[in-house]
Structures are given as structure tokens and as C-alpha cells.
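A quick write-up on the structure given underneath.
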Amino acid sequence: LTLWMTAVAAAALTTLLAAPAPLRADADCDTVVKALEDAQVVATKGLDETMDEIKKATTGPADDKKKASVKNTFCSVSGEYLGTTRAFRAVVAECLKGNKKTATLASLDKSINEMETAIDNTCK
């Protein structure tokens, strides 16, 4: 489901960014922002659920196979979440205005930087 929502969001983003500037009505931006907000909620829920599973999996003793499995799961779900967040950020930068744009971009940039750090420290 999360992968499907990511694909829908990416398609919406591609459509929005490919359209000539005069066709980018505020209503179109509102529709795309709402779709990406929904996709981000789904992605965040999936990330939270996976992180809970990882916490449960790491409570007991872990052999190399278990450690590798946990690492792969973390890297996969984190990369997917990072992708949806970056897509959302691109749309926000294009569509929102004023203080809402500034605040949302700052929040997204913080999340992106934190996720990149976690991925860099764990997955490389």
C-alpha cells in the first residue's frame, strides 16, 4: 500500500511539474498537496509500524542473520520514507505560499536531514 501511494504521489508530482506554468492553478496545487499529505501520513504510519517491529526484533539476542535482516528492513523502509518526503517537499516548494510554505519546508528539511543521517550511519 505504501509503495502504491508513493507511486501515485510521484505521478501527481510529475504531472504537476510537467504542466506549463499557466495551467498550475491553485486548485491543482491544493489537490496535489492534499494527495501527498495523505501519502505522507501512510508512509509515516508504515515507518512507525516497521520501527516497532524492529524494536521487538532487537529485544532478544541477535545473530548475524537477524542483524542483517533488521538492518535491511530499516534501510528499505527509511529509503522509501525519504523518497516520499522529498517528493512532498518538491510540491510544497512549488505550491505553498508565505508562512505555511516556510514552516512546512523547514519541517520537511529537518525530517529529510535526520533520515539521511540515520540512513548514512546505518545503511552504508
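Interatomic distance, T50 OG1 to E80 CD, rounded to the nearest 0.5 Å: 8.5 Å. With rounding to the nearest 0.5 Å, the separation of CG in D109 from OG1 in T104 is 10.5 Å. K100 NZ to C95 SG: the interatomic distance, rounded to the nearest 0.5 Å, is 11.0 Å.
In terms of heavy atoms, G79 sits closest to I119 at N-CD1, 3.9 Å. Contact between K56 and T59 at its shortest, heavy atoms only, is O-OG1, 2.8 Å. The minimum heavy-atom distance between S78 and M115, with the atom names listed, is CB-SD, 3.5 Å. Taking every heavy atom of both residues into account, G46 and V77 meet most closely at O-CG2, 4.3 Å. Shown here for T84 and A43, the closest heavy-atom pair between the two residues is OG1-CB, 3.6 Å. Of all the heavy atoms in K71 and T122, the pair that sits closest is CE-O, 2.8 Å.
More than 12 heavy atoms of other residues, nucleotides or ligands lie within 6.0 Å of NZ in K66, so this atom counts as buried by the packing criterion. When the shell of 6.0 Å around CG of D63 is examined, it contains more than 12 heavy atoms from other residues, nucleotides or ligands. Counting non-hydrogen atoms of neighbouring residues, nucleotides and ligands closer than 6.0 angstrom, the CG atom of N99 reaches no more than 12 such neighbours.
F74 is connected to L47 through a chain of hydrophobic side-chain contacts under 4.5 Å among Ile, Leu, Val, Met, Phe, Trp and Tyr, so both are in one cluster. Cluster annotation: V41 is not connected to V92 through the hydrophobic network of ILVMFWY side chains, with a link wherever side-chain heavy atoms come within less than 4.5 Å. With hydrophobic clusters built from ILVMFWY side chains whose heavy atoms lie under 4.5 angstrom apart, L96 shares a cluster with V32. No continuous path of hydrophobic side-chain contacts links V33 to I112 [ILVMFWY only; heavy atoms under 4.5 Å].
Under the 3.5 Å distance criterion, the side-chain polar atoms of S76 are left unmatched by any main-chain donor or acceptor of N72. Put simply, the side chain of T85 gets close to the backbone of Y81: a donor and an acceptor are under 3.5 Å apart. Put simply, the side chain of T58 gets close to the backbone of K55: a donor and an acceptor are under 3.5 Å apart. S107 places no side-chain N or O within donor-acceptor distance of the main-chain N or O of A103, the cut-off being under 3.5 Å.
Of the charged side-chain nitrogens involved, at least one lies within less than 4.0 Å of a carboxylate oxygen, so that K34 and D38 count as a salt-bridged pair. A salt bridge is defined here as a Lys NZ or Arg NE, NH1 or NH2 lying under 4.0 Å from an Asp or Glu carboxylate O, and R86 with E116 meets this definition.
Between Q40 and L36 there is no side-chain heavy-atom pair separated by less than 4.5 Å. Using a 4.5 Å heavy-atom threshold, the side chains of N121 and T117 count as touching.
Between the side chains of T73 and E53, not a single donor N or O lies within less than 3.5 Å of an accepting N or O.
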